[in-house]
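Accompanying notes for the structure given below.
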2 protein chains.
Amino acid sequence: MLSHKILPNISIDCVIFGFDSEKLNVLLVERELLDEKGNVIIKDYTLTGYHILEDEDLNNSAYNILKNLTGLDNIYLEQFYTFGSIDRIDEGKDRLWQQHLNLGFSERIISVGYYSLINNDKVAVSSKDRKIQWFPIDSIPLLDMAFDHKQIFYKALDALQNKMKLEPIGFELLPDKFTLTQLQKLFESLSGLPIEKRNFRKKIAKLPYIVPLKEKQKGVSHKPAQLFLFSREVYEKTRKEKSFF
Amino acid sequence: MLSHKILPNISIDCVIFGFDSEKLNVLLVERELLDEKGNVIIKDYTLTGYHILEDEDLNNSAYNILKNLTGLDNIYLEQFYTFGSIDRIDEGKDRLWQQHLNLGFSERIISVGYYSLINNDKVAVSSKDRKIQWFPIDSIPLLDMAFDHKQIFYKALDALQNKMKLEPIGFELLPDKFTLTQLQKLFESLSGLPIEKRNFRKKIAKLPYIVPLKEKQKGVSHKPAQLFLFSREVYEKTRKEKSFF
DNA sequence: GCAAAAGTGTTACCGGTACACCCATGC
DNA sequence: GCATGGGTGTACCGGTAACACTTTTGC
């Protein structure tokens with residue numbers, strides 16, 4: 001049985017990435033504050049976060065936040081950075097928001113950032129009482145976000161892009177069975193760069209851990225594409241360390 | 001003026017890497033506890049760490065720990081992971097140590113890990129009242145370390161190795177002017193893999209940010225080597241993003 | 001003149017890149 | 001039969017890997 005006592009100075013923020021076969025998205029929660037007359041004082045978006053319990057593993061805690069939000073088990077989750085500036089909280093709206101909630105968390109908080117990768121199809125976002133929505137990552141620059149969450153988002157994106165250079169990651173964003181075009185679009189979304197189709201396919205064909213299935217796409221009004229599977233087992237067995245430069 | 005009140009649940013641990021022209025080392029602090037009769041009860045090694053003040057930036061705090069220890073400014077410092085398991089503290093010797101110090105920190109602590117890269121020559125380790133010593137990284141597996149510091153060390157090494165695959169890092173470990181042999185030994189130490197000399201030099205020759213100087217090594221009893229400089233400016237100007245796979 | 005490390009050239013292979021056309025399906 | 005995305009081959013180039021000998025200096 002876990003204690004319900006929380007650690008006062010630590011929180012977790014999760015950057016949840018999703019992919020809808022076209023573009024990369026991030027899941028955000030609306031934050032809205034009304035005054036007595038019902039006028040909107042604050043309306044912006046936050047990442048999903050929570051405090052941690054005093055006898056709860058940090059990684060478990062992040063995992064639980066996600067499970068709670070999405071209802072999914074076995075979510076891909078990666079810790080990427082810890083944010084500890086003294087000016088993480090904006091003296092305007094963030095302070096106002098905290099006074100409103102009256103949670104007593106207004107003192108210094110260090111936040112541990114995690115990013116997670118979720119296949120959009122699998123998330124029937126169970127919004128509960130909060131307004132939750134996917135945003136294309138292109139739309140983030142113009143979006144108004146709470147606290148230092150925009151900065152956290154960018155750092156997560158950067159970490160994800162770097163991680164991709166080191167390991168084949170991101171298959172969690174696709175359906176279990178995917179086409180090469182979906183895979184290509186995913187990589188293009190993640191990197192922000194276009195990829196040449198033929199060369200892309202030749203490269204993929206050499207990777208033993210991207211396994212062609214006998215199955216084909218169905219119900220599309222064009223030549224149906226072959227489906228593929230990512231095999232983590234094969235990857236782990238055949239992975240090679242790249243050298244420097 | 002900074003407050004001297006510390007945040008109760010957060011600490012910083014620094015993994016300080018050094019290079020002595022032959023091998024990679026890490027700086028550790030001896031931890032020793034004697035009983036009333038002077039018998040050694042605990043003797044092992046710790047990373048350098050400290051708690052942070054309630055109005056102190058996380059990154060600044062790490063920076064100050066290093067400045068304090070080494071006397072150096074402008075140290076290369078990178079945050080790599082935050083450790084928050086509930087079993088970070090060993091119930092045997094770590095608990096004993098904490099009782100001895102009687103610091104009241106025995107509750108749950110989350111620790112933010114930083115690694116730093118220092119040229120061994122530049123560190124006249126000012127040991128003050130603590131025993132501080134460089135250890136070759138090969139010797140770590142057999143070393144007895146406090147808390148989860150061995151695990152933190154391995155994670156730092158892993159992070160450093162990954163970082164090197166993405167950017168030319170590690171020049172901070174060398175003298176400002178270095179020979180290609182020193183550079184090669186550094187890369188070999190960091191990766192743990194041997195490198196073929198001629199191919200290595202051809203590769204380096206193509207990198208615009210490794211700048212040959214007109215100067216040569218002096219006072220060696222063999223053909224003196226040419227000296228080189230790492231130019232971060234040139235690197236930043238000419239850096240190219242690698243693609244995936 | 002000898003020990004010790006510096007420095008260099010060639011070849012073979014592989015992977016990356018650039019590029020344009022035919023194919024299977026639904027409607 | 002046409003629109004839509006699926007799927008492929010070839011030529012060139014640059015990078016990587018494997019390999020052994022000559023050069024410069026201090027002593």
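Keep in mind the model is a prediction, meaning the values are calculated, not measured.
- Remark: side-chain polar atoms of A/S191 are paired, donor with acceptor, to backbone N or O of A/L193 under 3.5 angstrom.
- Rounded to whole Å, atom C1' of D/dG5 lies 15 Å from atom CD of A/Q226.
- Judged purely by distance below 3.5 Å, without hydrogens or angles, the side chains of A/Y235 and A/E233 never pair a donor atom with an acceptor atom.
- Taking atom CD1 on B/I195 and atom P on D/dG15, their separation rounds to 18 Å, with Å as the unit.
- One interatomic measurement links the two molecules: CD of A/Q182 to C1' of D/dG5, which rounds to 12 Å at whole-angstrom precision.
- Counting to the nearest Å, the P atom of D/dA17 and the NZ atom of B/K206 are 11 Å from each other.
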Quiz item: Can you give one letter per nucleotide of nucleotides 8-14 of chain D, going 5' to 3': B for a protein heavy atom under 4.0 Å from the base, S for sugar-phosphate only, - for none?
Solution: BBB----
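- Here the straight-line distance linking atom NZ of B/K131 with atom NZ of B/K43 works out to 6.0 Å at 0.5 Å rounding.
- Residue B/K203 has no polar side-chain atom (N or O) positioned under 4.0 Å from OP1 or OP2 of D/dG15.
- Donor-acceptor pairing under 3.5 Å is lacking for the side chains of A/N68 and A/Y50.
- Put simply, A/T181 has a side-chain N or O that comes within less than 4.0 Å of OP1 or OP2 on D/dG6.
- Going from atom CD of A/E22 over to atom P of D/dG5 covers 9 Å, rounded to whole Å.
- Looking at B/K67 and B/D73, a side-chain N of the basic residue comes within less than 4.0 Å of a carboxylate O on the acidic one, giving a salt bridge.
- Aromatic pair A/F135/A/Y45: centroids less than 6.0 angstrom apart.
- Between A/E196 and A/R201 there is no salt bridge, since no side-chain N of the basic residue sits under 4.0 Å from a carboxylate O of the acidic one.
- Between the side chain of A/D158 and the backbone N or O of A/Y154 there is no donor-acceptor pair closer than 3.5 Å.
- Separation of the A/F83 and A/Y81 ring centroids falls under the 6.0 Å cut-off.
- Of the residues in residues 212-222 of chain A, those with a non-hydrogen atom less than 4.0 angstrom from any atom of DNA chain C are A/V220, A/S221, A/H222.
- We find that CZ of B/F200 is positioned 17 Å from C1' of D/dA18, with the value rounded to whole Å.
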